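Everything numeric here is computed off the predicted structure, so don't read it as measured data. Below, all heavy atoms of this structure are taken into account, side chains as well, without hydrogens, waters or symmetry copies.
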Amino acid sequence: MRIACWQTVAGGEPPRTRLRAAARNAAEAGAQLLITPEISLTGYHLGPRRLRDLAEPDDGPMCDEAAAIAAETGVAIVFGWPEADGGNVYNTVRLVDGGGNALATYRKTHLFGDIDRAIFRPGDVGVVQAELDGFTVGMLICYDVEFPESVRAHAVAGTQLLVVPTALMKPWDIVARTLVHSRALESQLYIAYVNWAGSERELEYCGLTRVVGPSGHALHEDVHGEQLVVADLDATRITKAKQVNDYLADRRPELFP
C-alpha cells in the first residue's frame, strides 16, 4: 500500500480548506491513503473556548466534507476534529475509505497536560482497527503512542499499520526521532506519525513527520515545513522482521501484572 502523510503548517486559513488540495496531491502520487495531523480539520491549539465552539458531532458538516473529499479523489483519509457528543468534547480521529465511507473512529485515550484536559474527555476504547487495501490499520493520537502498552495492544490485535496523527511541539523532538522508532521495532509494525509544522499561539511544532518500518528505520529523510511524504508499505517486511526476532512470540506476559 502507498500512503501519503500531510505535514501542514499551522495557522492561516482553516486547515480543512486545504485538505482537498492535499488529497488531490496524494491521488496524483498514487497513494491509497492520506494521513493528516492531530485535529487536522480545525487546528489543535486554538484554546478551550474556540475548540468548544468549533466542536461538531460525528455526523456534522466537517466530517461530511472530509468524506466528500475522499469520495471525490478516491483516496482514503485519516482526519481529526473536536467531536461534540452530548456535553462532552473528544479529541477524535476517523478513517474513511476512498468512497467516503467511515471505517473506524477513535477518541484519544491519553490526554496531554492542561492543553488537552482543559477541553477534552478521554476516550475509553484502546484498540480501534479497520481493514484497508489488505492492511489492518489501527489508530492512536499523539501522546497515546508514548505509552508502550498502547502500541503493544495494537500489535497483539494484529495491527500492521498504526497511524498516529500528532501535534508534537518543541522541545520534544526525541519522541519523533527515537521513541516512535522504538515502538515500531518492539511491536514489529509500521507507524505513520504525522505532525504539524510551524506554530500555533505559543507552541512551535517539531515537524518531523515520519513513516517507520517494523525494523525501526524510517523510510525517508527528516521532514520540515509543508510537505507531503509518500511511502510504500510491504506487509512481507513485517513477516521478515519477525523471522529475525519475534518479540511478540518470545515475550512472557504471564510474568508481569
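The minimum heavy-atom distance between Y190 and G213, with the atom names listed, is CD2-CA, 3.7 Å. Between A22 and L34, the shortest heavy-atom contact is C-CD2, 4.0 Å. Closest approach of Q160 to G134, counting heavy atoms only: OE1-O, 3.8 Å. Contact detail for T109 and G123: the closest heavy-atom pair is CG2-O, 3.5 Å. Nearest heavy atoms, G216 versus L185: CA-CB, 4.0 Å. Closest approach of P82 and M62 over heavy atoms only: CD-CE, 4.4 Å.
Taking 4.5 Å as the limit, every side-chain heavy atom of R94 sits out of range of all side-chain heavy atoms of V78. Two residues are said to be in side-chain contact when any heavy atoms from C-beta on lie closer than 4.5 Å; R210 and V194 fail this criterion. The side-chain heavy atoms of L189 and V151, taken from C-beta on, include a pair separated by under 4.5 Å. In this structure, the side chains of V128 and T105 stay at 4.5 Å or more apart for every pair of heavy atoms. Put simply, the side chain of N195 reaches to within 4.5 Å of the side chain of C206, judged on heavy atoms. Put simply, the side chain of L219 reaches to within 4.5 Å of the side chain of R237, judged on heavy atoms. With a 4.5 Å cut-off on side-chain heavy atoms, Y106 and I141 count as touching. Side-chain contact between Y205 and P37: absent, with no pair of heavy atoms (C-beta onward) separated by less than 4.5 Å.
Residue-environment remark: CZ (R121) stays at or below the threshold of 12 foreign heavy atoms within 6.0 Å.
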So V244 and K240, side chain to side chain contact (heavy atoms under 4.5 Å, CB included) or not? Walk me through it.
-> CA-CA 7 Å; V244 173; K240 291 177 181 177; 5.9 Å; no
Quick one: do T136 and E131 satisfy side chain to side chain contact (heavy atoms under 4.5 Å, CB included)? Show the steps, please.
-> CA-CA 5 Å; T136 301; E131 298 299 317; 2.8 Å; yes
Can you list the steps and then say if Q188 with Y247 is a side-chain hydrogen bond (donor to acceptor under 3.5 Å, both in side chains)?
-> CA-CA 8 Å; Q188 297 180 304; Y247 289 115; over 6 Å; no
Start with the C-alpha gap between W6 and L19, add the side-chain angles, then the distance that decides, and say whether side chain to side chain contact (heavy atoms under 4.5 Å, CB included) holds.
-> CA-CA 9 Å; W6 182 38; L19 178 61; 4.0 Å; yes
Output, in order, the C-alpha distance, side-chain angles, deciding distance and verdict of side chain to side chain contact (heavy atoms under 4.5 Å, CB included) for D232 and M1.
-> CA-CA 6 Å; D232 291 315; M1 179 165 61; over 6 Å; no
Test salt bridge (charged side-chain N to carboxylate O under 4.0 Å, His left out) applied to E38 and K108, step by step = CA-CA 10 Å; E38 184 173 3; K108 188 176 185 179; 2.9 Å; yes
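Taking hydrophobic clusters as Ile, Leu, Val, Met, Phe, Trp and Tyr residues chained together by side-chain heavy-atom distances below 4.5 Å, I39 shares a cluster with V89. Residues F135 and V163 share a hydrophobic cluster, clusters being chains of Ile/Leu/Val/Met/Phe/Trp/Tyr side chains in contact below 4.5 Å. In the hydrophobic clustering of ILVMFWY residues, with side-chain heavy atoms under 4.5 Å counting as a link, F79 and I35 come out apart. The same ILVMFWY cluster, assembled from side-chain heavy atoms under 4.5 Å apart, contains both I3 and V145. The same ILVMFWY cluster, assembled from side-chain heavy atoms under 4.5 Å apart, contains both V93 and V180.
Each of D124, D85, D58 was scored for a salt bridge (charged side-chain N to carboxylate O under 4.0 Å, His left out) with R107, with one residue passing: D85. No option in T8, N25, V223 other than N25 meets the side chain to side chain contact (heavy atoms under 4.5 Å, CB included) test with L228.
A donor-acceptor contact shorter than 3.5 Å links the side chain of Q129 to the backbone of A157. Here the side chain of Q7 pairs a donor or acceptor atom with the backbone of G225 at under 3.5 angstrom. No donor-acceptor pair under 3.5 Å is formed between the side chain of T159 and the backbone N or O of A155. Under a 3.5 Å cut-off, the side chain of Q32 and the backbone N or O of R2 do form a donor-acceptor pair. Side chain of D114 to main chain of A118: no donor-acceptor pair is present (N/O by atom type, distance under 3.5 Å, no hydrogens or angles). Panel note: side chain R152, backbone E186; a donor-acceptor pair is recorded below 3.5 Å. Between the Y193 side chain and the V212 main chain, no donor and acceptor come within less than 3.5 Å of each other.
To the nearest 0.5 Å, atom CD1 of residue I191 and atom NE2 of residue H154 are 10.0 Å apart. Rounding to the nearest 0.5 Å gives a distance of 10.0 Å between OG of S40 and CH2 of W81. Rounding to the nearest 0.5 Å gives a distance of 11.0 Å between CG of L140 and CD of E146. Expressed to the nearest 0.5 Å, how far CZ of R201 lies from CD1 of I115 amounts to 9.0 Å. Annotation: the span from L33 atom CG to D133 atom CG amounts to 8.0 Å, rounded to 0.5 Å. To the nearest 0.5 Å, the span separating CG on L103 from CE on M139 amounts to 8.5 Å.
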Throw together a table of side-chain donor-acceptor distances under 3.5 angstrom for residues 41-52, partners on residues two or more places apart or in other chains.
| from | atom 1 | to | atom 2 | distance (Å) |
| --- | --- | --- | --- | --- |
| Y44 | OH | D116 | OD1 | 2.8 |
| H45 | NE2 | E202 | OE1 | 3.1 |
| H45 | NE2 | E202 | OE2 | 3.0 |

Pairs of donor and acceptor atoms involving the side chains of residues 248-257, under 3.5 Å and at least two apart or interchain, shall be tabulated with distances.
| from | atom 1 | to | atom 2 | distance (Å) |
| --- | --- | --- | --- | --- |
| R251 | NE | L248 | O | 3.4 |
| R252 | NE | E254 | OE2 | 3.2 |

Scan the side chains in residues 167-177 for donor-acceptor partners under 3.5 Å anywhere in the protein, sequence neighbours excluded, and list what turns up.
| from | atom 1 | to | atom 2 | distance (Å) |
| --- | --- | --- | --- | --- |
| K170 | NZ | E204 | OE2 | 3.2 |
| R177 | NH1 | D222 | OD2 | 2.6 |

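Aromatic ring orientation, F147 versus Y143: perpendicular (interplanar angle above 60°, classes split at 30° and 60°).
A salt bridge is defined here as a Lys NZ or Arg NE, NH1 or NH2 lying under 4.0 Å from an Asp or Glu carboxylate O, and R24 with E72 meets this definition.
Defined by atom type and a distance below 3.5 Å, a donor-acceptor pair is missing between the side-chain atoms of D144 and S150. A donor atom on one side chain and an acceptor atom on the other are not found under 3.5 Å apart for T209 and Q227.
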